[in-house]
*Asks:* 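Sharing a structure below in structure tokens format, with a few things to ask.
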Amino acid sequence: MKRMIICLAVVLVACGKNPGGSPPPGPGNPPPASTPEPYPGHLLALTNDATKQIEIYDPVATDWNTAEAKKWRWSPSTALGFTPEEVTKFGGGTDFKVRKMPNGTFAALTDNSFAAIIAYPSGQRVWSKVLTGNLHSAELLPNGNLAIAASDGNWVRVYATSQGANNSAYTEYALGAAHAVLWDPGLQCLWVTGQDRSNNAHILTALAVGGTDAQPDLSELNQYRVTLPTAWGHEVAAYHGNTNYLWVTTNGGEYVFNKTTKSFSVSPTNNLTFVKGMGNQPSGQIVLIRPDANKSPRPAVNCSLNSWSSSTVDFYTAGGQFQGSRPVSGACFYKVKIVTEHYQ
């Protein structure tokens with residue numbers, strides 16, 4: 001499976017699952033934790049390149065290497081309705097979001113060359129497709145259609161998945177290095193990160209989803225476009241507890257975005273670099289993943305499979321104070337998601 005492409009830039013560059021490659025490790029590692037403590041909150045979904053599974057862990061469990069800590073795991077299989085090609089293509093996932101719809105609860109997910117909607121928690125196929133373009137993010141829209149961002153494909157698409165399990169109709173919006181899609185129920189739009197291909201600006205912007213369920217359409221809401229504080233946008237995640245905010249990460253930092261003022265402030269976690277996944281629990285606790293290759297010194301329990309993943313999930317207070325970590329021996333976690341049906 002293709003994990004990276006060769007890219008050239010003066011500064012940080014976006015490639016594969018690890019845009020920017022592996023620069024010399026920098027400061028910003030959390031201090032070592034003492035005795036692990038339980039963290040009440042929603043379950044956490046992790047995309048694991050090592051096991052080639054999406055895994056869900058309980059943050060209350062203090063040792064994630066035990067069977068009790070892992071509450072759910074998934075990978076496509078023919079028994080679940082997927083084709084042999086889809087089973088082969090899946091490498092652990094690049095995104096996973098649980099959403100509740102009028103007809104049930106589902107999960108939208110992507111891997112580099114694969115996108116799917118599954119029933120949750122059964123894991124049965126609802127819709128799936130093998131796609132090229134290095135897929136990085138997925139979002140299930142309220143009407144049942146699926147939005148996907150592809151970083152090498154340089155597009156955001158909405159597939160008319162509401163029209164059937166094998167429907168291939170879609171609309172496309174051109175966006176360089178597209179990395180994130182998140183539906184905003186209040187503003188009725190998709191938040192996306194990427195690069196303006198006309199001037200190479202690294203941006204956060206919003207897309208309107210128009211047309212019909214069967215023939216969707218995408219157009220930019222230019223009033224929401226802003227230039228990112230640092231290059232190579234990555235994650236956009238809900239800031240649970242305040243619908244006016246979003247978590248936004250780039251290769252160069254992590255930020256809180258204010259939708260009203262269209263301004264960025266540095267995250268309480270001290271602007272860590274190369275954060276791949278980030279979110280917050282209802283308590284305000286911040287949960288994030290940062291590649292082991294970007295930590296100095298490299299943790300004793302670390303991912304040796306690639307340079308864009310980590311064997312550890314880190315926890316911080318709402319104010320940014322480090323609380324502790326959950327290491328999993330042999331794991332290569334790329335993305336972390338709060339398991340909640342709420343968009344924001």
*Asks:* Hey, are the side chains of Ile203 and Leu175 touching, using non-hydrogen atoms and a 4.5 Å cut-off?
*Replies:*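 Yes, side chains in contact.
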*Asks:* Would you check if there is a donor-acceptor pair between the side chains of Asn280 and Trp247 at a distance under 3.5 Å?
*Replies:*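 Side-chain D/A pair, Trp247 to Asn280: present.
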*Asks:* Answer yes if the ring centres of Tyr39 and Trp64 are under 6.0 angstrom apart, and no otherwise.
*Replies:*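 Between Trp64 and Tyr39, which both carry aromatic rings, the centre distance is not below 6.0 Å.
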*Asks:* Same cluster or not: Trp74 versus Leu140, using hydrophobic residues (I, L, V, M, F, W, Y) connected whenever any side-chain heavy atoms lie under 4.5 Å apart?
*Replies:*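 They do not share one cluster, since no chain of ILVMFWY contacts under 4.5 Å joins Trp74 to Leu140.
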*Asks:* Applying side chain to side chain donor-acceptor pair (under 3.5 Å) between Asn112 and each of Thr94, Asn134, Thr132, report the one that passes.
*Replies:*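 The passing option is Asn134.
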*Asks:* Arg290 and Asn294: which non-hydrogen atoms are nearest, and at how many Å?
*Replies:*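 Here Arg290 and Asn294 meet closest at NH2-O, 3.0 Å.
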*Asks:* Does the side chain of Gln344 come under 3.5 Å of the side chain of Lys259 through a donor N or O and an acceptor N or O?
*Replies:*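 Yes.
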*Asks:* Is the closest side-chain heavy-atom distance between Ile148 and Tyr170 below 4.5 Å?
*Replies:*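 No, too far: nothing below the 4.5 Å cut-off.
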*Asks:* Does the side chain of Asn306 pick up a donor-acceptor pair with the side chain of Ser309 at under 3.5 Å?
*Replies:*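 There is such a pair (donor and acceptor under 3.5 Å, judged by atom type) between the side chains of Asn306 and Ser309.
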*Asks:* If you group Ile, Leu, Val, Met, Phe, Trp and Tyr whenever their side-chain heavy atoms sit less than 4.5 Å apart, what else falls in with Val236?
*Replies:*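 Traced through the cluster, Val236 reaches Leu182, Leu187, Trp191, Leu204, Leu221, Tyr224, Val226, Leu228, Leu246, Val248, Tyr255, Phe257, Phe264.
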*Asks:* Verify the cluster assignment for Phe274 and Ile289: are they in a single hydrophobic cluster under the rule of side-chain heavy atoms below 4.5 Å apart?
*Replies:*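 No, no single cluster joins them.
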*Asks:* So, Thr260 and Asn244: side-chain donor and acceptor under 3.5 Å apart, yes or no?
*Replies:*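 Thr260 vs Asn244: donor-acceptor pair found between side chains.
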*Asks:* Checking Ser325 side chain against Pro327 main chain: does a donor-acceptor pair fall under 3.5 Å?
*Replies:*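 Absent.
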*Asks:* Between the main-chain N or O of Ala177 and the side-chain N or O of Asn154, is there a donor-acceptor pair closer than 3.5 Å?
*Replies:*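 Looks like yes, one N/O pair under 3.5 Å.
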*Asks:* Side chain to side chain contact (heavy atoms under 4.5 Å, CB included) between Phe315 and Gln281: does it pass, once the steps are laid out?
*Replies:* CA-CA 10 Å; Phe315 297 80; Gln281 294 278 18; 5.6 Å; no
*Asks:* Can you tell me how far apart NE2 (His136) and CD (Glu235) are? Round to the nearest 0.5 Å.
*Replies:*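 The NE2 atom of His136 sits 10.5 Å away from the CD atom of Glu235.
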*Asks:* Go through the steps for Asn167 and Thr161 under the test side chain to side chain contact (heavy atoms under 4.5 Å, CB included), then give the verdict.
*Replies:* CA-CA 6 Å; Asn167 191 285; Thr161 51; over 6 Å; no
*Asks:* Do Tyr120 and Leu141 share a hydrophobic cluster, counting only Ile, Leu, Val, Met, Phe, Trp and Tyr and linking them when any side-chain heavy atoms are less than 4.5 Å apart?
*Replies:*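 In one cluster: no.
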*Asks:* Please answer whether the main-chain N or O of Pro76 pairs with a side-chain N or O of Arg125 as donor and acceptor at a distance below 3.5 Å.
*Replies:*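 Answer holds: no.
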*Asks:* Tell me every residue that passes salt bridge (Lys or Arg N to Asp or Glu O under 4.0 Å) with Lys97, counting only those two or more places apart in sequence or in another chain.
*Replies:*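 Expected list: Asp95.
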*Asks:* Compute whether any side-chain donor of one residue and acceptor of the other, for Ser311 and Asn302, lie under 3.5 angstrom apart.
*Replies:*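 There is no such pair between these side chains.
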*Asks:* Around atom CD of Gln321, are there more than 12 heavy atoms from other residues, nucleotides or ligands closer than 6.0 Å?
*Replies:*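 No.
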*Asks:* Look only at the side chain of Asn271 and the backbone of Glu254, and say whether a donor-acceptor pair between them is shorter than 3.5 Å.
*Replies:*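 Yes: the side chain of Asn271 pairs with the backbone of Glu254.
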*Asks:* Using 30° and 60° as the class limits, which term best fits the ring planes of His234 and His179: parallel, tilted or perpendicular?
*Replies:*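 Geometry flag for His179 against His234: tilted rings.
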*Asks:* Mind telling me whether Tyr159 and Trp127 have parallel, tilted or perpendicular rings, with 30° and 60° as the class edges?
*Replies:*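 Ring orientation of Trp127 relative to Tyr159: tilted.
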*Asks:* Would a hydrophobic clustering, with Ile, Leu, Val, Met, Phe, Trp and Tyr connected at side-chain separations under 4.5 Å, put Phe90 with Ile117?
*Replies:*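 In one cluster with Phe90: Ile117, no.
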*Asks:* Provide the closest heavy-atom pair for Phe106 versus Ala119 in the form atom of the first, atom of the second, distance.
*Replies:*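 The pair with the smallest heavy-atom distance is CD2-CA, 3.8 Å.
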*Asks:* I'd like to check Leu44 versus Arg326 (side-chain heavy atoms, cut-off strictly below 4.5 Å). Are they in contact?
*Replies:*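 SC-SC contact between Leu44 and Arg326 ruled out.
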*Asks:* Quick check: do Leu218 and Val209 have side-chain heavy atoms less than 4.5 Å from each other?
*Replies:*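 Yes. Closest side-chain heavy atoms under 4.5 Å.
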*Asks:* Can a salt bridge be assigned to the pair Arg157 and Glu172 using a cut-off of 4.0 Å between side-chain N and carboxylate O?
*Replies:*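 Looking at Arg157 and Glu172, the cut-off is met.
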*Asks:* Ignoring hydrogens and geometry, is there a side-chain-to-backbone donor-acceptor pair from Thr47 to Lys335 under 3.5 Å?
*Replies:*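 Side chain of Thr47 to backbone of Lys335, a donor-acceptor pair under 3.5 Å: yes, one is there.
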*Asks:* Compare all side-chain heavy atoms of Lys276 with those of Phe333 and state whether any distance is below 4.5 angstrom.
*Replies:*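 Of all side-chain heavy-atom pairs linking Phe333 with Lys276, none is under 4.5 Å.
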*Asks:* Phe96 and Val130: same hydrophobic cluster, using ILVMFWY side-chain contacts below 4.5 Å?
*Replies:*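 No, Phe96 does not connect to Val130 through the hydrophobic network.
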*Asks:* For Gln124, does the CD atom sit with more than 12 other heavy atoms under 6.0 Å from it, leaving out its own atoms?
*Replies:*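 Result for CD/Gln124: enclosed.
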